[in-house]
Number of protein chains: 2
Amino acid sequence: MQVTMCPERAIMEHITSKWGVLVLQVLSDGGSWRFSALRRELEDVVSEKMLTQTLRTLERDGFVHREVHPVIPPHVEYALTPLGKGAASHLVALAHWIEANQPEVSQAQRRYDNS
Amino acid sequence: MQVTMCPERAIMEHITSKWGVLVLQVLSDGGSWRFSALRRELEDVVSEKMLTQTLRTLERDGFVHREVHPVIPPHVEYALTPLGKGAASHLVALAHWIEANQPEVSQAQRRYDNS
DNA sequence: TGGGGTACTTACTCGGAGGTGAGCGTGCAG
DNA sequence: CTGCACGCTCACCTCCGAGTAAGTACCCCA
């Protein structure tokens, strides 16, 4: 493995970033989402600032397509590109694995804590 | 998706943490590693402090097995548990995907930057 | 008349992630 | 006899990820 800051590691950090993980999972259903609908779906745990920033990074990497309808009030839609779907699928697989194994992990944590 | 801090999200953050991603990938080859060998493999980009902290978190989650040989000088070995192998395999898959698609991503970034 | 929704941007602030350097207690190589 | 390797831990400090609040420009509904 090549480690010193290479493009691959940067891309990995974008995908596995705190908010990137969540955004990619929501978008992975294939639909297209408006900014505030996306935020509501994430139960407002992410601030507007960080959501914008995260979406910009993912857009720059070619994972997210941003479509602006120049109307007032503003209307913007976000969706995964084919490239984004590839990345997101791995994240979704990991998320499913975690969901399935969460009890086992929690048990391991309890074991570790009382010892 | 359930979002407000649930055990699943915490586990996801451990696995996708900055150093967790790298450690799990190195350990994923199945072998067992000594502390400083692991650090050298990561080309010293991670400090001793953060490596210890990351390994502790992964151990608590039941992903990493830590075996201490009580000799002087100290001898400690780290290896993935079966549970850890499950998690790491998804990370490795993602890493391979990134490696394969890195040129396309870099191209997207260049396109984004000159516009 | 004014309050809320839309999709942001900017400025200010703060906590915590993370780096640095030292210390430890011994065995072994030089 | 010196000094390094090992696998940490602790104290200190820095910097950046992230939150909060306010502003924007316009429309619609009450």
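Every chain is numbered from 1, with letters handed out A, B, ... down the list of sequences. Since the model is a prediction, treat every value here as computed from it, not as a measurement. The figures here come from the full heavy-atom set of this structure, side chains too, leaving out hydrogens, waters and symmetry mates.
Under a hydrophobic-cluster definition in which Ile, Leu, Val, Met, Phe, Trp and Tyr are linked whenever side-chain heavy atoms come within less than 4.5 Å, directly or via other members, A/Y78 and A/V71 are assigned to different clusters.
Partner B/L55 forms a side chain to side chain contact (heavy atoms under 4.5 Å, CB included) with one of B/L51, B/T57, B/T52 and no other, that one being B/L51. A side chain to side chain contact (heavy atoms under 4.5 Å, CB included) with A/W19 holds for exactly one of A/L42, A/V45, A/L24; it is A/V45.
OP1 or OP2 of C/dT6 lies within a sub-4.0 Å distance of a side-chain N or O belonging to A/S36. When the side-chain nitrogen and oxygen atoms of A/R34 are compared with OP1 and OP2 of C/dA7, one or more of them lie within a distance under 4.0 Å.
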- prompt: After noting the C-alpha distance and the side-chain angles of A/S106 and A/Q102, does the key distance pass the side chain to side chain donor-acceptor pair (under 3.5 Å) rule?
  reply: CA-CA 6 Å; A/S106 296; A/Q102 178 267 326; 2.8 Å; yes
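The two residues B/L80 and B/S28 come nearest to each other via the heavy atoms CD1-CA, 3.7 Å. The two residues A/V21 and A/L91 come nearest to each other via the heavy atoms CA-CD2, 3.8 Å.
Residue B/R56 is in sugar-phosphate contact alone, with no base atom involved, counting any heavy-atom pair closer than 4.0 Å across all strands shown.
Put simply, chain A comes within 4.0 Å of DNA chain D, heavy atom to any atom, from D/dA18 to D/dC27, going 5' to 3'.
For the pair A/R56/A/V64, no side-chain contact is recorded, criterion being any heavy-atom separation below 4.5 Å from C-beta on.
Residue A/R66 is the one, among B/P74 and A/R66, whose nearest nucleotide of DNA chain C lies closer to the 5' end (criterion: closest heavy atom).
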List every contact pair, protein side and nucleotides 11-21 of chain C side both N or O, where the distance is under 3.5 Å.
| residue | atom | partner | partner atom | Å |
| --- | --- | --- | --- | --- |
| C/dG18 | N7 | B/K49 | NZ | 3.0 |
| C/dG19 | OP2 | B/S47 | OG | 3.1 |
| C/dG19 | N7 | B/K49 | NZ | 3.1 |
| C/dG19 | O6 | B/K49 | NZ | 2.4 |

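Between B/H69 and B/H75, the angle of the ring planes goes over 60°, which puts this pair in the perpendicular group of the 30/60° scheme.
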